[in-house]
Each structure stands twice: as structure tokens, then as C-alpha cells.
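Numbered from 1 within each chain, the chains take letters A, B, ... in sequence-line order.
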2 protein chains.
Amino acid sequence: MSAGIRIELNHKLYLRDPDQTDLGRAILKESIRLIDELGFEQFTFKKLAQCIHSTEASVYRYFENKHKLLLYLVSWYWNWLDYRICYHTHNVADAAERLRIFIRILAQYQIKEQLSSYLDIESLSRIVVVEASKAYLTKEVDNDNNNGLFQDYKSLCHKIAMVVLELNPSYPYPHALVSTLFEAARKQWFFSQHLPSLTEVKGTQQGQESNLVQFLTHLAFDAIKGTNFSPVS
Amino acid sequence: MSAGIRIELNHKLYLRDPDQTDLGRAILKESIRLIDELGFEQFTFKKLAQCIHSTEASVYRYFENKHKLLLYLVSWYWNWLDYRICYHTHNVADAAERLRIFIRILAQYQIKEQLSSYLDIESLSRIVVVEASKAYLTKEVDNDNNNGLFQDYKSLCHKIAMVVLELNPSYPYPHALVSTLFEAARKQWFFSQHLPSLTEVKGTQQGQESNLVQFLTHLAFDAIKGTNFSPVS
DNA sequence: CATCTATAATAGTAATACTATCACCCACAC
DNA sequence: GTGTGGGTGATAGTATTACTATTATAGATG
């Protein structure tokens, strides 16, 4: 019933659809705030329940455990990113320009446009930067993958990989390049904030385009149009 | 007293130097086996203590908590990688060739040479692939960084970044490129094993050079020699 | 022989990650 | 209106985790 975009996620991510009830929406909204504030390790269902004036048991009726909740939030984010990318590229004919737009959106962690969701996108973006890798860096990754819990991320990567192939049909690593761009966008942003000696990227740049976008753009286009490519044996 | 390489680590990583006693070395050796087997989340000091026929309290005398132990293991790995890189490049004059060797070593997760350490390097390599990011993706990252706990990683990145600058002194993102290569090497390897639709990299390639090396090499050299670079505004 | 140190053994605490039970409220159907 | 079922709150309880504290002992050192 909520206005604005509606995002459908794999139903194996949850026990009860949190988007359908007041309590469910409160869980989503407040968990984003709490994970952003405490970090995923310190975040617990008990603390969440206290924040929303509900109980631990009620939260467990929506999500099997906090890992599934993280998977849900991250999937939601990739869906939302996909939506934004489509919105900004649907009438752009030039593949290079589409890729440029994609990178600009990918690297944009301080969001202006809200597209009317009840979730705090800026907070969620920060969570994705810090916690998204933990969604798959587990012993359950193969099981989760078999259940399709990474489908949104994989689809999005594939979509962009097709743009890369459009630019250079003989480039042999389109998916690897795109997944590297995804990971690098988050990591370089994180490094700029916390381990600045690992990167020239600066997090705080107003006015001009962020140099994260510049770094990723050059990395991508140089790789795609690379002259250093000898045919694969 | 152990033969072979000796690796000195920041003393803030531990409470008592685990390299100096039998129990300490047992902790290191067995924790690598256990984390590799269970994953970092399921790994506990209690389980470790049982494996080495000691007690939880004894383990706590060496490491403040399991996060510090992870930091120790990861730092040890970067030190060891640094050692290998120096060993294989110390008499190589050509910067491009040195970078090539670096990437080959970085991407080599199935190790043959053991360089006589009592630690299981192949097991540790797998841990680094899956768990290394968790060493800094925490709320304590700034504090840990202030205590110098990421110094080994940062030094290694800087060293390689200098090689990049040697190849192209005007390349504006040497550290960002190198840290991206580090992260991509691990992530692409992980994807090849668990989320293969995210990459063209194949984990199982005997005989010919792994295509992970090829992907990273092209990515690096294309970026460094990139013609797509307009001067920074 | 005295001393010091590392470790083992044991115990205990607070928090975490759940699971189970029961009572209640509300919407809807008959 | 009565019943039925679903969603929730309240409460309790368990096993495990992440530690901390205490004491005893065995071995090395002076």
C-alpha cells in the first residue's frame, strides 16, 4: 500500500513479508538505523525489539536470524540500485554513456533523490559499504546461493556486463570487471573514510565530481578498450 | 627458535607473543585449521582450546579476543607475502616485470613453496580470501588503525604503488589501483569458487597460468598505461 | 631451596541466539 | 453473536558465547 517504488524480493529471504505489515516495516526501518549505528556484529534482535517497542519473538517471526535480515536489506539495495540505473539510462542509446551513468550511480553514497521509500537510503548505503560483503563471506554461501538469495546482485552484474560486451564484444572478462567495479566502489569509499593511506580517493568532495567516479571510470574504460590484450590462448 | 623465516608483528596484536612458546605456536597452528574449517563466525576460543588440549583462559592470555587473533593471522600473511615478493623481485630491474611477478604471487592461492614455517600456508591463504575483509569492516577500524594494526597491509600496498608510479609517474591513483588489485584478487577467487556467475575467472586451472592472473594483469597495465586519461581538473 | 612464571582446572557472569507457551486482540465468516 | 485464525505481546527458558577470576601445580631460574 505504500506509495512510490515497490520492491519484490525472493521470499526465501524472510519468514513473513516485512513489507506487508506495520511491524514488518518498523523492523526494516529501525534495523537499518541500528545496524548503521552499532555495526552488524553488535546489532541484535533484542536491541531492535526494544527500539520498536516490540519483542524478540515477534522479530523472529519475520526473519529467521539476523543474517537473513542482512541479506534482505542488501538485496533490497541492489534492487533499488537497479531501479535507479534503469531510470537514468532507459533512453540513453550510447553504451559508453550508459556505463558512465552506471558508475556514477554506483559510486554515489550520499544520496539526494529519495524516490519515496519509507527506508532511509543514505543509512542503507552506508550499511552496504561496510556490511554487504559479510552477506556472502560465510560458510553458508553455497546454500544461500542455491536458494537464490544473491540473485539480485548477480542479475545486476550481468546486466552491466552486457553493456561492457556491447562496448567491446571481445573483452574476455565482462562479469569479472563489473563485479570488481562493484566491490571496488564500496571498498575505495570505505578506505577513503577509514584507511585513507590505501587510496587516493577522497570521500569529502563537494562541487566537482568525486574522484571515486573518475578512478572507476578510467579503470573500466581502460580495461574495456585495453590495448594490452593479447588473445587468450 | 623455529627454523625458516621469522616474522615480527606489531606487539599490540597480542597480549603474549604466540611465536615464543609451544602453546602460542599451537594456538596459531590450530586456529588456522579451525577457522578454515568452521569459518570465523563459528570459530570460538573454547573449541580451539579443546583442539589443543588446553583451556579457554590460556588462549585469552595470548589474544584479547578472536578478532585480534584474526588481525594477527592476516598481518602475518601480508608479511609473508611481502617476504615472497621481495624474494622473487629483489634482482629484477624492470618495473613492469616486478609488477607482473607481484600479481602472480598475489593471485596464487594454492601454494607449493612452504618456506619452512610451522603454519599451514595454504589453509591461511583460504582464510585470507574469506575472512581478511572482516578484519577491518568493523566499528573498531579507526581505533585499530590508530594502533597500527593494519600497518603491514598498508606498507605492502605502498610498496607496490611505488612500482606503479615507476611505470607511470603521472598515474593519479597508484594506491587505489593496488588496493583494488589486492581486494579483487581475493574476491574474484572467492567468486570463482562460490558465485561463478559473477566472474569469468576459473579456480581450477592446471598447467596454464590462471586467468585470474591474466585478468588482474590486464586490469593493472591497462589502467597504468591508460590512454583514457584526461588531466585531473 | 625459594621464587617466579606459565599453564591447567574450575567456576562464574552477562550477553547472545534462539525456542516455546500462553493470552490477547482483531478481522472476518457463519 | 459466536467461533475461528492470524498476528502480536509477555514471559520464560536453553545452549552457547565471550569473557573474567581464583586457585593449584609443574617447571625453569636464581
Side-chain angles (χ1 to χ4, degrees), chain A residues 1-2 11-31 34-35 37-73 131 134-135 138-140 143-144, chain B residues 1-2 11-31 34-35 37-73 131 134-135 138-140 143-144:
Chain A
M1 296 302 160
S2 73
H11 70 279
K12 288 194 178 175
L13 286 166
Y14 50 80
L15 298 173
R16 199 194 304 296
D17 188 351
D19 201 37
Q20 298 295 322
T21 68
D22 284 338
L23 181 61
R25 286 185 287 267
I27 288 173
L28 295 181
K29 190 173 169 60
E30 205 61 18
S31 66
L34 253 190
I35 294 175
E37 182 188 330
L38 303 175
F40 187 64
E41 282 74 24
Q42 304 308 314
F43 167 83
T44 70
F45 277 3
K46 183 167 218 156
K47 292 172 186 169
L48 172 61
Q50 279 162 359
C51 284
I52 59 179
H53 306 291
S54 179
T55 64
E56 225 182 329
S58 295
V59 179
Y60 274 104
R61 286 193 198 99
Y62 283 84
F63 292 100
E64 213 178 315
N65 50 52
K66 70 174 182 171
H67 184 248
K68 287 280 166 60
L69 171 57
L70 178 63
L71 280 166
Y72 183 98
L73 295 176
E131 321 288 1
K134 299 172 190 170
T138 72
K139 284 286 169 185
E140 287 79 42
N143 195 33
D144 288 346
Chain B
M1 296 298 161
S2 73
H11 70 279
K12 288 193 178 174
L13 287 167
Y14 49 80
L15 298 173
R16 200 194 301 297
D17 188 351
D19 201 38
Q20 298 295 322
T21 68
D22 284 338
L23 182 62
R25 286 184 287 268
I27 288 172
L28 295 181
K29 189 173 169 57
E30 205 62 19
S31 67
L34 253 189
I35 294 175
E37 182 188 331
L38 304 175
F40 187 65
E41 282 74 24
Q42 305 307 315
F43 166 83
T44 71
F45 277 3
K46 182 166 218 158
K47 292 172 186 168
L48 173 60
Q50 280 162 357
C51 284
I52 58 179
H53 305 292
S54 179
T55 64
E56 227 181 326
S58 295
V59 179
Y60 274 103
R61 283 193 206 96
Y62 283 85
F63 291 100
E64 214 178 314
N65 49 53
K66 70 172 182 172
H67 184 247
K68 286 282 164 61
L69 172 57
L70 178 63
L71 279 166
Y72 183 99
L73 294 176
E131 321 287 1
K134 299 172 189 169
T138 72
K139 284 285 169 185
E140 286 78 42
N143 195 33
D144 287 346

Next item on the list: Consider the side chain of B:Asn65, meaning its heavy atoms from C-beta on, and name the nucleotide among D:dT8, D:dC19, C:dA17 that approaches it most closely.
Entry: D:dC19
Note to self: Using whole Å, what does the distance between atom P of nucleotide D:dA18 and atom OH of B:Tyr60 come to?
What the structure shows: 6 Å
Notebook entry, point to check: When you check the phosphate oxygens OP1 and OP2 of D:dG7, does a side-chain N or O of A:Tyr62 lie under 4.0 Å from one of them?
Noted result: no
Note to self: Is it the case that atom NZ in B:Lys46 sees more than 12 heavy atoms from other parts of the structure closer than 6.0 Å?
What the structure shows: no
Note to self: Using heavy-atom distances to pick each residue's nearest nucleotide on DNA chain C, tell me which of A:Glu41 and B:His53 is more 5'.
What the structure shows: B:His53
Next item on the list: Take atom NZ of A:Lys68 and atom C1' of C:dC18, then tell me their distance rounded to the nearest Å.
Entry: 14 Å
Check: Roughly how many Å is it from CG in A:Asp22 to P in C:dC26, rounded to a whole number?
Finding: 14 Å
Note to self: Using the side-chain heavy atoms of A:Ala57, tell me which of these nucleotides is nearest: C:dA8, C:dA20, D:dC19.
What the structure shows: C:dA20
Check: Would A:Lys66 count as a cation-pi partner of A:Phe43, with NZ or CZ less than 6.0 Å from the six-membered ring centre and within 45° of the ring normal?
Finding: no
Next item on the list: Just call it for B:Phe63: base, sugar-phosphate, or nothing, with non-hydrogen atoms closer than 4.0 Å on any strand.
Entry: nothing
Next item on the list: Spell out yes or no: do the side chain of A:Arg61 and the base of D:dG6 have one donor N/O and one acceptor N/O closer than 3.5 Å?
Entry: no
Item checked: Side-chain N or O of A:Ser54 closer than 4.0 Å to phosphate OP1/OP2 of D:dG9 -> yes
Check: In whole angstrom, what separates B:Arg16's CZ from C:dA8's P?
Finding: 11 Å
Check: In whole angstroms, how far is the P atom of C:dT13 from the CD atom of B:Glu56?
Finding: 15 Å
Margin query: How close do B:Lys134 and B:His67 get, counting heavy atoms only, and between which atoms?
Written below: O-NE2, 3.8 Å
Next item on the list: Identify which nucleotide among D:dG9, C:dT10, D:dC19 has an atom closest to any side-chain atom of A:Leu23, counting heavy atoms from C-beta outward.
Entry: D:dG9
Note to self: Can you measure A:Asp17 atom CG to D:dG7 atom C1' for me and round it to whole angstrom units?
What the structure shows: 14 Å
Margin query: Rounding to an integer number of Å, can you tell me how far B:Leu69 CG sits from D:dA18 P?
Written below: 12 Å
Check: Hey, are B:Lys139 and A:Glu41 close enough for a salt bridge, meaning a charged N less than 4.0 Å from a carboxylate O?
Finding: no
Next item on the list: Taking the six-membered ring of B:Tyr14 (Phe, Tyr or Trp), confirm whether the NZ or CZ of B:Lys68 is under 6.0 Å from its centre and within 45° of its axis.
Entry: no
Next item on the list: Decide yes or no on side-chain contact (heavy atoms from CB on, under 4.5 Å) for A:Leu69 and A:Phe45, but give the supporting numbers first.
Entry: CA-CA 10 Å; A:Leu69 171 57; A:Phe45 277 3; 3.8 Å; yes
Next item on the list: Please report, rounded to the nearest Å, how far the P atom of D:dG7 is from the CD1 atom of A:Ile52.
Entry: 16 Å
Check: Where along residues 42-50 of chain A does a heavy atom come under 4.0 Å from DNA chain C, residue by residue in number order?
Finding: A:Thr44, A:Lys47
Notebook entry, point to check: Between C:dA9 and B:Thr55, is there an OP1 or OP2 to side-chain N/O distance shorter than 4.0 Å?
Noted result: no
Next item on the list: Please report the shortest heavy-atom distance between A:Leu15 and A:Phe63, naming the atom on each side.
Entry: CD1-C, 4.0 Å
